[in-house]
Amino acid sequence: MPITSRDREILRLAIPALGALVAEPLFLLADYAIVGHGLGTTAVGALGVAGAVLGTLMNLCVFLAYGTTASVARQTGAGRHDRAMRSGVDGVWLALAIGVALIAVVWPLAPALVSLFGADPGQSAEAVTYLRISLFGAPGMLVVLAGTGVLRGLQDTFTPLAVAVGSFALNAALNAWFVLGLDWGIAGSAWGTVLAQTLGGAVYLVVVARGARRLGTSLVPSLGGIRQAGTAGLALLVRTVCLRVVLVAATVIATRMGQAELAAYAIATQVWTLLAFALDAIAIAGQAITGRSLGAGDVAATRAATRRMVQWGLWSGAVLGLLVLLARPLVPGLFDADPQVTELLLALLWPVALFQPVCGIVFVLDGVLIGAGDQRYLAWAGVWTTLAYLPAAFLASGLGVVALWCALGVWMIARLVTLTRRAAGTAWLVTGA
């Protein structure tokens, strides 16, 4: 593909976003590698269960990033920079409030949430330990989401990259020290991640505060603005709930298959998540470009950018799938997997690789429609695609963990159908601030 000016704009946003997005799943991949080498298969399984709960909580709040990106980008495109920053400040306050609420609500519920996965007593106890400690990182992590949304909406993806790389480096160093050096067990892994997330959130607070002062935007919370940010995120919350229902259901099914199946599925999920975040870099560019161009009233530019980003998504997915196949023999060794886990993991990496081109298109179109503010359609599409997945997952539950992963492929194809149909129409092309 020849590189055009539109490609350069996409890459200017997507390449830094790629680094920032990949750093997030690397938090957990680092945890898995360190825990696998230092604590063994039981701890890896416990980390998989706790990670599924934490992932659900954090992903339910992803509207803090996505909704803020769309709002700030649209206001920026319309030339209303003060209103753009006001939206960002309100989003950060909402993030802090939700983070504190999560600690208060989830701490006493941790044993009950872990028990839903049906893990054995040893895994369950370690999963509860990891989950409860990790909750203290929730306010920082949610501020990271909201602050990232502000900067992406302002067409800045480099600062989130710098913060993510610093946080990941600190996370890896602390986890290695606490688990392997101080022998704190799985609690050490959790504390390392909490400290890294909290520091990352503090950096975003400083960055957003400086931007607000530069534009003369008050840092005092606006109850009306916070309420509006929460209301706008409701449809995105429904969409995200549907996504998490799919992923949590798969984890529950894998847990009930056995320890080896759960460990292999957990590692494969982290690999898939890493790839998903890599592909989502183009979707992040889609959110920022779509919001800005529709805010400026330029429908033709929105259409042209969407077509080009879909092409980038398809080819990126194909390349990542090929890389997974090439790296497949090496992956089990990274996690010190035992022979049974290794055999299952090698089989799982085939469907992980083969569905990457589909994922590339899906993630791009999802980002474009989020940037356009088409959250209501995304919510309904999420409901229908989840209903398509659940029967496939039920059938796969008796056929093994590879069949379970193929059921996830059915879900991705259903998402592809709903998103391409919507993107081909005009209902989402709403212009202006």
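One-based numbering along the sequence shown. Given the structure is predicted, the values throughout are model-derived calculations rather than measurements.
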If you round to the nearest 0.5 Å, how far is [atom2] of [Y] from [atom1] of [X]?
{"X": "R307", "Y": "R303", "atom1": "CZ", "atom2": "CZ", "value": "7.5 Å"}
{"X": "L322", "Y": "Q356", "atom1": "CG", "atom2": "CD", "value": "11.5 Å"}
{"X": "L135", "Y": "L54", "atom1": "CG", "atom2": "CG", "value": "6.5 Å"}
{"X": "T251", "Y": "L247", "atom1": "OG1", "atom2": "CG", "value": "7.0 Å"}
{"X": "L348", "Y": "I267", "atom1": "CG", "atom2": "CD1", "value": "10.0 Å"}
{"X": "T302", "Y": "I289", "atom1": "OG1", "atom2": "CD1", "value": "9.5 Å"}

Could you check if a side-chain atom of [X] sits within less than 4.5 angstrom of a side-chain atom of [Y], using non-hydrogen atoms only?
{"X": "F355", "Y": "L275", "answer": "no"}
{"X": "L419", "Y": "L378", "answer": "yes"}
{"X": "V310", "Y": "L314", "answer": "no"}
{"X": "T193", "Y": "Y130", "answer": "yes"}
{"X": "L320", "Y": "V324", "answer": "no"}
{"X": "R376", "Y": "V238", "answer": "no"}

Original post:
Going by atom types only, do R292 and Q155 share a side-chain donor-acceptor pair under 3.5 Å?
Top reply: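 Their side chains do contain a donor-acceptor pair, which is all the 3.5 Å distance test asks for.
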Compare every heavy atom of [Y] with every heavy atom of [X], then report the nearest pair and how far apart it is.
{"X": "A196", "Y": "L170", "result": "CA-CD2, 4.0 Å"}
{"X": "V383", "Y": "C242", "result": "N-SG, 3.5 Å"}
{"X": "P16", "Y": "L161", "result": "O-CB, 3.5 Å"}
{"X": "V417", "Y": "T420", "result": "O-OG1, 3.2 Å"}
{"X": "L279", "Y": "G360", "result": "CD1-N, 3.7 Å"}
{"X": "A423", "Y": "W428", "result": "O-NE1, 3.3 Å"}

Quick one: side chains of residues 365-372, donor-acceptor pairs under 3.5 Å with protein atoms, not counting sequence neighbours, listed by atom name and distance.
residue, atom, partner, partner atom, Å
D366, OD1, R239, NE, 3.4
D366, OD2, R239, NE, 3.3
D366, OD2, R239, NH2, 2.4

What residues form a side chain to side chain donor-acceptor pair (under 3.5 Å) with [X], not counting sequence neighbours?
{"X": "T159", "value": "D156"}
{"X": "S134", "value": "none"}
{"X": "T290", "value": "none"}
{"X": "S316", "value": "none"}

Listed pairs under 3.5 Å, donor-acceptor, residues 403-416 side chains, sequence neighbours left out:
none

**OP:** Give a yes or no answer on whether the side chain of S167 reaches the backbone of A164 with a donor-acceptor pair at less than 3.5 Å.
**Re:**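 Here the side-chain-to-backbone pair does not exist.
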Original post:
Can you name the side chain to side chain contact (heavy atoms under 4.5 Å, CB included) partners of L109, sequence neighbours left out?
Top reply: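 In terms of side chain to side chain contact (heavy atoms under 4.5 Å, CB included), with neighbours along the sequence ignored, L109 is linked to V105, L113.
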Original post:
Who are the side chain to side chain contact (heavy atoms under 4.5 Å, CB included) partners of A209, not counting sequence neighbours?
Top reply: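 Here the qualifying residues are R213, L219.
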Original post:
Under 6.0 Å from the CH2 atom of W93, do we count more than 12 heavy atoms belonging to anything else shown?
Top reply: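 Check fails, neighbour count at 12 or below.
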Subject >> Non-neighbouring partners of D374 that pass salt bridge (Lys or Arg N to Asp or Glu O under 4.0 Å), sequence neighbours left out >> reply: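 By the salt bridge (Lys or Arg N to Asp or Glu O under 4.0 Å) rule, D374 matches R422.
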**OP:** Applying salt bridge (Lys or Arg N to Asp or Glu O under 4.0 Å), name anything that partners R86, two or more places apart in sequence or on another chain.
**Re:**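 Applying salt bridge (Lys or Arg N to Asp or Glu O under 4.0 Å) to R86 gives D90.
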Subject >> Test side chain to side chain contact (heavy atoms under 4.5 Å, CB included) applied to R12 and F158, step by step >> reply: CA-CA 9 Å; R12 178 182 64 81; F158 180 79; over 6 Å; no
Sequence neighbours left out, cut at 3.5 Å: what donor-acceptor pairs do the side chains of residues 136-146 make with other protein atoms?
none

Subject >> Derivation and outcome, side chain to side chain contact (heavy atoms under 4.5 Å, CB included), residues T148 and Y204 >> reply: CA-CA 8 Å; T148 299; Y204 273 106; 3.0 Å; yes
**OP:** Hey, could you give me each pair passing side-chain hydrogen bond (donor to acceptor under 3.5 Å, both in side chains) that has a residue in residues 99-108? Not counting sequence neighbours.
**Re:**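 Qualifying pairs, neighbours excluded: none.
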**OP:** Assess whether side chain to side chain contact (heavy atoms under 4.5 Å, CB included) is satisfied between F394 and I253, documenting all intermediate values.
**Re:** CA-CA 9 Å; F394 177 77; I253 293 171; over 6 Å; no
